[in-house]
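Notes to accompany the following structure.
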Amino acid sequence: MSELSNRRILLIDDMPSIHDDFRKILAPPQAHSAELDEMEAALFGEQTQPERPIFELDSAYGGEEGLGKLNLALQEQRPYALAFVDMRMPDGWDGAKTIEHLWQQDPQLQVVVCTAYSDYSWDDLLNRLNAHDRLLILKKPFDNIEVKQMANTLLTKWEMTERASLQMHHLEHLVDQRTAQLKQASEALQREIDERKQLEGQLVQSEKLASLGQLAAGVAHEINNPIGFISSNLGTLDGYFQQLLTMLDAYHSAEQVLAGSQTALQLEHMREQIELEYLREDVPLLIKESKEGISRVGQIVRDLKDFSRIDNNQEWQWANLQQGIESTLNIVASELKYKADVVKDYQVLPEIECLPSQINQVIMNLVVNAAQAMGPERGTITLRTGTQGETAWIEIADTGSGIAPDTLQKIFDPFFTTKPVGQGTGLGLSLSYGIVKKHGGDISVSSELGSGTTFRVQLPLRQTRPAA
Ligand SMILES: Nc1ncnc2c1ncn2[C@@H]1O[C@H](COP(=O)(O)OP(=O)(O)O)[C@@H](O)[C@H]1O
Ligand SMILES: [Mg+2]
């Protein structure tokens, strides 16, 4: 017998004689006795199992008592498979009400209603119990084989229903499991897609940067040459002019010899016309300014070269962070000029092992973001640096718009931008994040809406793994 097999039957009837009849039919007294068993064991040499009664019959003499027994059976997890319920029970619940209660507790229970006559028409009863397809009717006086067959058939039905429902549960469980697996797979896929997108973004950006860097480096190199000869020429020119002045002074003294002559008058006239005295003062000034200008161009070119230095070999280099910050600030000076004052609060930093042009790129992104966060009013961007243990840190604090808390979680996502098309690509921070992580560092942000934002970049002083 399988463990699903259930032979438990509950009989609810107010007449004790009916219980006797049922017991005779469904649970006849055992043919075995202990004595017989012993004899059998002696004869056949094995312990015979007492034959199980075909049915396990319990009695209740009213609806309420029946419900009590059903509940107990449920509690003990030994539910009844079948109940025979008498229709007419003068005290307490009648059959219909009893069945209603039984089914409320245990919808699986198979029920046979037994009756000689009823207070309901059959249709009313079936309607009331909503049981056109699940209630059998046994009319008194009943036939033994009818009762036995009903019991047999309904117990098998109970078993099959139970089996089906177990299988259903199993299937549901399987479906849940598969759904969960599918969900996991789809989440993993989404993560992969996101990562890929981010990598793609970084690639696009670093391609752009690399070609920009190459261009800048090329232009810087080309400009360097003319800057060189212009500034050297300016130096020479300065010297020549001093010599010319000496010569002019000499001529001026020689003019005394010609005093009063026509020529002297002409010279005097010319001197006034070209404002010689003014020229003497202005030319050196012009030369000085030009020298300053060209030296500034020289500085810009050097910054550009420094900033865009292409780390061809992608190997860590020892670099001065401070220098990187300064050249980066020079590069973005025009972006900052009308937006904010820059305050510098630096501590002396040792050289750190990094990819310098990429770190410059991070600083530039943060500084440009800070400038772009300013409203119509001029703000302040404060740059702080320092070291802490084995790390160097840079802080870029602005007095700009600040970032709303729900936006804050998204700012490092590739392509996330709150800026109008053309102004923002949404790649600056995701790229910076990637660069800092590649350095084994960390980038964090704290912000207050309406007051400003501070980004903090932490970088290890030295690297332990290869850069590539
Ligand atoms: N200093 C800052 N102040 C306010 N918002 C900022 C700041 N830095 C970044 N953000 C927010 O983060 C978003 C993403 O920045 P970023 O990745 O550099 O892309 P983009 O600048 O092209 O928009 C910005 O659009 C902006 O909303
Ligand atoms: Mg940006």
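In each ligand, atom 1 is the first atom listed, and ligand 1 is the first ligand listed. In this chain, residues are counted from 1 in sequence order. As the structure is a computational prediction, the values presented were derived from the model and not from experiment. As a basis for the values below, the full set of heavy atoms in this structure was taken, side chains included, without hydrogen atoms, waters or symmetry mates.
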Heavy-atom nearest neighbour in the protein, as seen from [atom], with distance rounded to 0.1 Å:
atom	answer
atom 6 (C) of ligand 1	I403 CD1, 3.6 Å
atom 21 (O) of ligand 1	K419 NZ, 2.7 Å
atom 26 (C) of ligand 1	T418 OG1, 3.4 Å
atom 1 (N) of ligand 1	D398 OD2, 2.8 Å
atom 12 (O) of ligand 1	I411 CG2, 3.2 Å
atom 14 (C) of ligand 1	F416 O, 3.3 Å
atom 18 (O) of ligand 1	N369 ND2, 2.8 Å

Heteroatom proximity flag, [X] to ligand 1, N/O under 3.5 Å:
X	answer
S430	no
T407	no
S401	no

Backbone N or O of T380 within a donor-acceptor pair of the T399 side chain at under 3.5 Å? yes

If we ignore hydrogens and angles and just use 3.5 Å, is the side chain of W316 paired with the main-chain N or O of R465 as donor and acceptor? yes

Only one of I325, V342, L336, D398 clears side chain to side chain contact (heavy atoms under 4.5 Å, CB included) with V367; which? L336

Yes or no: does [X] have any heavy atom under 4.0 Å from an atom of ligand 1?
X	value
N365	no
G400	no
F455	yes
G402	yes

Check ligand 1 against [X] and write out every atom of the ligand that is under 4.0 Å from a heavy-atom position of the residue.
X	answer
G426	17 (O), 19 (O), 20 (P), 22 (O), 23 (O)
L429	9 (C), 12 (O), 15 (O), 16 (P), 17 (O), 18 (O)
A373	2 (C), 3 (N), 4 (C)

Is N369 close enough that one of its N/O/S atoms sits under 2.8 Å from the Mg ion (ligand 2)? yes

Run the numbers on E200 and R196 for salt bridge (charged side-chain N to carboxylate O under 4.0 Å, His left out), then give the verdict. CA-CA 6 Å; E200 242 168 50; R196 210 161 269 245; over 6 Å; no

Can you tell me if E326 and N330 form a side-chain donor-acceptor pair at under 3.5 Å? no

Short side-chain donor-acceptor distance under 3.5 Å, H132 and D123: no

Between E195 and R191, does any side-chain N to carboxylate O distance fall below 4.0 Å? no

Taking R163 first and then E159, would you say they form a salt bridge - that is, a charged N and a carboxylate O separated by under 4.0 Å? yes

Where do Q105 and L67 come nearest, in terms of heavy atoms and distance? CG-CD1, 3.8 Å

Between V436 and D442, the two heavy atoms sitting closest are CG1-N, 3.2 Å

Is the ring pair F455/F412 parallel, tilted or perpendicular, if the boundaries are 30 and 60 degrees? perpendicular

Would you compute the distance between atom CZ of R456 and atom CD of E395 and round it to the nearest 0.5 angstrom? 5.0 Å

Residue-level breakdown please: for T417 versus ligand 1, do any non-hydrogen atoms fall below 4.0 Å on the side chain, on the backbone, on both, or on neither? both

